[in-house]
There are 2 protein chains.
Amino acid sequence: MEKIIQLHKQLIPDLTETLKKRYAILEQVMITGTIGRRNLATSLNMTERSLRSEVDFLKEQDLLSVTSAGMSITEAGKLLVHDLEPTMKELIGLTKIERKIKQAFGMKEVIVVSGDSDTSMNTMQQLGRAGANILKKYAANLDVIAVAGGSTMAEVSSRLSVSTQLKGCLFVPARGGLVEDVELQANSIASTMAKRTGAAYRLLHVPDHLGEEAYQTLMQDPNISDLVQVIRNARMIFHGIGEAITMAKRRKVHEGDLNQIAEKGALAEAFGYYFDKEGNVVHAVTTVGLKLEDVNSKLTIGVAGGSSKGEAITAVLRAGYSDVLITDEGAAMEIVKQCNLH
Amino acid sequence: MEKIIQLHKQLIPDLTETLKKRYAILEQVMITGTIGRRNLATSLNMTERSLRSEVDFLKEQDLLSVTSAGMSITEAGKLLVHDLEPTMKELIGLTKIERKIKQAFGMKEVIVVSGDSDTSMNTMQQLGRAGANILKKYAANLDVIAVAGGSTMAEVSSRLSVSTQLKGCLFVPARGGLVEDVELQANSIASTMAKRTGAAYRLLHVPDHLGEEAYQTLMQDPNISDLVQVIRNARMIFHGIGEAITMAKRRKVHEGDLNQIAEKGALAEAFGYYFDKEGNVVHAVTTVGLKLEDVNSKLTIGVAGGSSKGEAITAVLRAGYSDVLITDEGAAMEIVKQCNLH
DNA sequence: CGTTGTTGGACGTTTTTTGTCCCGTAATAC
DNA sequence: GTATTACGGGACAAAAAACGTCCAACAACG
């Protein structure tokens with residue numbers, strides 16, 4: 001394997017470029033389903049004509065099929081993309097980075113997709129796809145899966161499809177919270193995921209910013225307290241990672257609290273908790289659901305990408321709760337830089 | 001491994017071509033030492049211009065260094081060629097053929113270099129190089145190595161260099177015979193090999209076409225009879241393979257004998273014996289030295305290439321004395337065809 | 001000191017790639 | 001229904017790359 005990489009790099013770097021290009025096209029078409037030439041070109045930022053040449057080639061090889069509605073990937077193409085994925089990663093050098101991060105934080109698995117979600121919608125989609133795959137991989141029958149909210153989680157949920165592994169699972173939101181956009185709330189994500197995979201789900205309609213009294217009152221409700229119990233016993237937690245300030249604002253935290261959070265050095269947010277640079281919890285959303293002490297005993301899978309989130313991801317990794325991370329090249333490079341993993 | 005290559009070929013069909021071309025250039029330059037552009041071009045039969053582009057590329061990659069005296073390979077280039085040899089073989093599909101032949105005849109090792117010695121001098125040189133490597137590989141200290149004559153053996157001898165493994169060996173000619181060109185006689189080959197490697201040698205100046213009386217007389221000579229004893233106890237026999245008729249003519253066999261040999265269906269010649277299509281011995285040169293019954297107990301290494309020799313090589317393999325074969329793509333394909341190894 | 005073989009520059013020619021427009025058509029929205 | 005949109009693919013000129021060919025400058029060698 002390593003020999004092949006060496007071969008590519010030293011004897012045919014030019015061919016390697018076209019290899020990457022063609023692979024990217026196939027991958028993108030596979031993600032998108034069926035797409036037109038012009039759209040595809042902008043999404044991969046290639047010129048229309050050069051894309052066209054490549055597509056002609058791929059069509060010739062029976063890897064793409066092209067109808068008047070647009071082009072889509074063939075079975076052979078799918079197979080190829082799947083089989084070639086590890087090699088391509090190695091080729092781009094992502095495998096190395098994966099190993100580094102994995103070892104640095106003693107994690108179970110780290111996946112790095114190529115690109116940067118900050119600048120490329122494409123990468124975001126790949127992140128989603130990778131997240132969906134990982135979810136399938138680790139989920140066993142009858143598992144309870146607690147999911148958090150956020151745009152990345154939404155992306156993952158849209159990439160899920162019916163699968164036998166997930167069929168018997170139960171999706172629940174990790175914590176309460178109703179302030180964010182509906183589509184980004186944990187509740188919506190959980191239900192979408194469940195619906196798309198054919199699994200079951202239960203929702204938790206509880207606001208954040210709860211006072212003590214309100215909390216007590218809510219927990220009186222057997223439905224709610226029961227569900228909270230289920231959540232806290234979930235076997236797996238699936239979450240995004242956000243920048244603290246951005247998240248706080250999105251959750252419409254009061255001005256005063258916001259300053260307070262910032263003062264404490266909060267950098268990152270994950271499953272309702274705010275972390276500083278060293279990974280210490282400096283603040284938490286006051287709502288019901290998963291508690292920090294529950295996280296340790298669960299399989300914790302984080303999905304987040306974009307170089308701008310690199311610092312935040314690093315902070316969460318340092319907290320030491322993460323078992324699996326799915327990120328992108330942009331963020332991964334930032335993590336490597338932050339932690340001096342050279 | 002093979003699968004990965006197959007996958008890559010789907011996305012870059014001319015991968016193999018380019019790779020072969022560049023690799024061939026490096027290899028040839030390595031063999032030749034330092035060579036000019038035009039020479040190299042004819043030797044690889046490429047056009048001068050396209051070679052030039054490739055050379056420019058290889059120079060860029062620091063695999064070739066080019067001075068006003070010509071170009072030569074860099075250390076990095078040497079390393080690359082060496083490291084990648086097995087991978088390249090796999091790529092071209094030679095490994096498969098090697099395995100097939102090896103298994104079909106129950107041999108120790110089979111090496112196939114790419115090309116066809118009939119049409120490419122280059123391939124002949126590679127054959128020589130491969131032969132030299134194998135000789136080094138199998139030779140142990142203090143071994144007696146019986147070598148036969150022929151142009152292929154001469155090529156091998158010219159590719160040898162001083163080596164610790166061979167330093168303590170003793171090279172001897174396998175059999176007598178003085179009729180051929182001096183440079184192709186076993187005596188010359190043995191001495192060249194010994195000189196180039198820093199080993200010892202002893203020569204056997206005995207004509208072929210010996211009558212019974214002459215034979216008896218010769219064996220009276222203690223020098224000769226002693227050496228014959230040494231030869232017959234050699235641990236290794238290193239020989240070429242020739243077409244029977246060609247060899248017989250070269251040895252200036254009388255017209256009558258020639259017809260007789262041909263009538264018996266002689267197809268191949270090796271270490272003084274003539275074999276028919278099934279590998280039966282149908283004739284032998286009447287001289288002193290190694291006898292057929294000695295061959296079985298020795299490590300027998302044959303070197304021969306060129307598609308025209310395919311049949312002859314097959315015949316010798318069928319005789320069942322061979323332990324190691326070094327040949328080229330042209331001959332190997334012919335062997336595969338002859339034996340229906342598909 | 002000439003001869004020979006070397007690289008590298010130059011340049012016209014050919015081939016390939018690329019940019020651009022437009023057309024007919026199938027799907028989609030309205 | 002019809003209007004609109006988005007699709008692939010044909011066509012063609014422009015640009016670029018590859019190629020064949022020749023020659024000049026230069027170093028090594030006899």
Side-chain angles (χ1 to χ4, degrees), chain A residues 11-77 121-122 125, chain B residues 11-77 121-122 125:
Chain A
L11 274 187
I12 37 170
D14 43 349
L15 293 191
T16 309
E17 286 312 306
T18 66
L19 181 66
K20 279 188 201 168
K21 203 187 338 176
R22 290 178 181 167
Y23 182 83
I25 295 175
L26 279 182
E27 191 177 40
Q28 182 64 16
V29 173
M30 185 164 87
I31 291 178
T32 323
T34 166
I35 188 174
R37 193 206 303 150
R38 279 169 265 266
N39 267 338
L40 185 55
T42 52
S43 129
L44 290 167
N45 59 311
M46 306 171 62
T47 70
E48 186 190 327
R49 194 55 179 77
S50 71
L51 172 70
R52 192 169 163 184
S53 318
E54 299 301 346
V55 166
D56 283 347
F57 167 82
L58 293 171
K59 191 171 52 178
E60 198 63 35
Q61 300 282 316
D62 260 321
L63 297 170
L64 283 184
S65 78
V66 42
T67 70
S68 63
M71 43 201 154
S72 48
I73 197 167
T74 65
E75 278 309 310
M121 193 52 207
N122 186 2
Q125 293 170 350
Chain B
L11 280 186
I12 335 180
D14 50 354
L15 169 131
T16 320
E17 295 308 309
T18 316
L19 218 45
K20 262 194 206 170
K21 203 192 329 175
R22 292 183 182 165
Y23 187 81
I25 295 174
L26 278 184
E27 194 175 38
Q28 182 64 18
V29 172
M30 186 164 87
I31 290 178
T32 323
T34 167
I35 187 175
R37 193 205 306 151
R38 278 169 268 268
N39 267 338
L40 186 55
T42 53
S43 130
L44 291 168
N45 58 313
M46 304 172 64
T47 69
E48 187 189 326
R49 195 58 178 76
S50 71
L51 172 71
R52 195 170 161 182
S53 317
E54 298 301 346
V55 166
D56 282 348
F57 166 82
L58 292 171
K59 192 171 50 177
E60 199 63 33
Q61 299 284 315
D62 259 321
L63 297 170
L64 283 184
S65 79
V66 40
T67 68
S68 62
M71 43 200 154
S72 48
I73 196 166
T74 64
E75 277 310 308
M121 193 52 207
N122 186 2
Q125 294 171 349

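Throughout, a chain's letter reflects where its sequence line sits, starting with A, and its residues are numbered from 1.
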- Message: Counting C-beta onward and ignoring hydrogens, is there a side-chain heavy-atom pair between B:Ile73 and B:Leu63 closer than 4.5 Å?
- Response: no
- side-chain contact (heavy atoms from CB on, under 4.5 Å) evaluation trace for B:Val55 with B:Val66: CA-CA 9 Å; B:Val55 166; B:Val66 40; 5.6 Å; no
- Applying side-chain contact (heavy atoms from CB on, under 4.5 Å), run through B:Arg37 and B:Leu40 and close with a yes or a no. CA-CA 5 Å; B:Arg37 193 205 306 151; B:Leu40 186 55; 5.8 Å; no
- Item | Any side-chain heavy-atom pair of A:Leu15 and B:Leu19 under 4.5 Å | no
- Query: What's the spacing between B:Ile31 CD1 and B:Asn122 CG if we round to 0.5 Å?
  - Reply: 6.0 Å
- Query: Does any non-hydrogen side-chain atom of A:Lys59 lie less than 4.5 Å from one of A:Met71?
  - Reply: no
- What residue pairs, at least two apart or across chains, pass side chain to side chain donor-acceptor pair (under 3.5 Å) with a residue in residues 17-27 of chain B? A:Asp14-B:Arg22, B:Lys21-B:Glu54, B:Arg22-B:Glu54, B:Glu27-B:Gln126, B:Glu27-B:Arg129
- Note on the structure: Rounding to 0.5 Å, atoms CG (B:Asn39) and CD (B:Glu48) come to a distance of 10.5 Å
- Message: In whole Å, I'd like the distance from the CG atom of A:Asn45 to the P atom of C:dT18.
- Response: 15 Å
- Whole-Å distance separating the CG atom of B:Leu64 from the P atom of C:dG8: 11 Å
- Query: Any side-chain N or O of A:Thr47 under 4.0 Å from OP1/OP2 of C:dG19?
  - Reply: yes
With the criterion being N/O to N/O and under 3.5 Å, what pairs connect the protein with nucleotides 8-12 of chain D, and how long is each?
from, atom 1, to, atom 2, distance (Å)
D:dG8, OP1, A:Arg37, N, 3.4
D:dG8, OP2, A:Arg37, N, 2.7
D:dG8, N7, A:Arg38, NH2, 3.2
D:dG8, O6, A:Arg38, NH2, 3.2
D:dG9, OP2, A:Lys59, NZ, 3.1
D:dG9, N7, A:Arg37, NH2, 2.1
D:dG10, N7, A:Arg52, NH2, 2.4
D:dG10, O6, A:Arg52, NH1, 2.8

- Separation of D:dA18 P from B:Phe57 CZ (nearest whole Å): 12 Å
- Message: Contact list please: residues 17-26 of chain A against DNA chain D, heavy atoms, distance less than 4.0 Å, in numerical order.
- Response: none
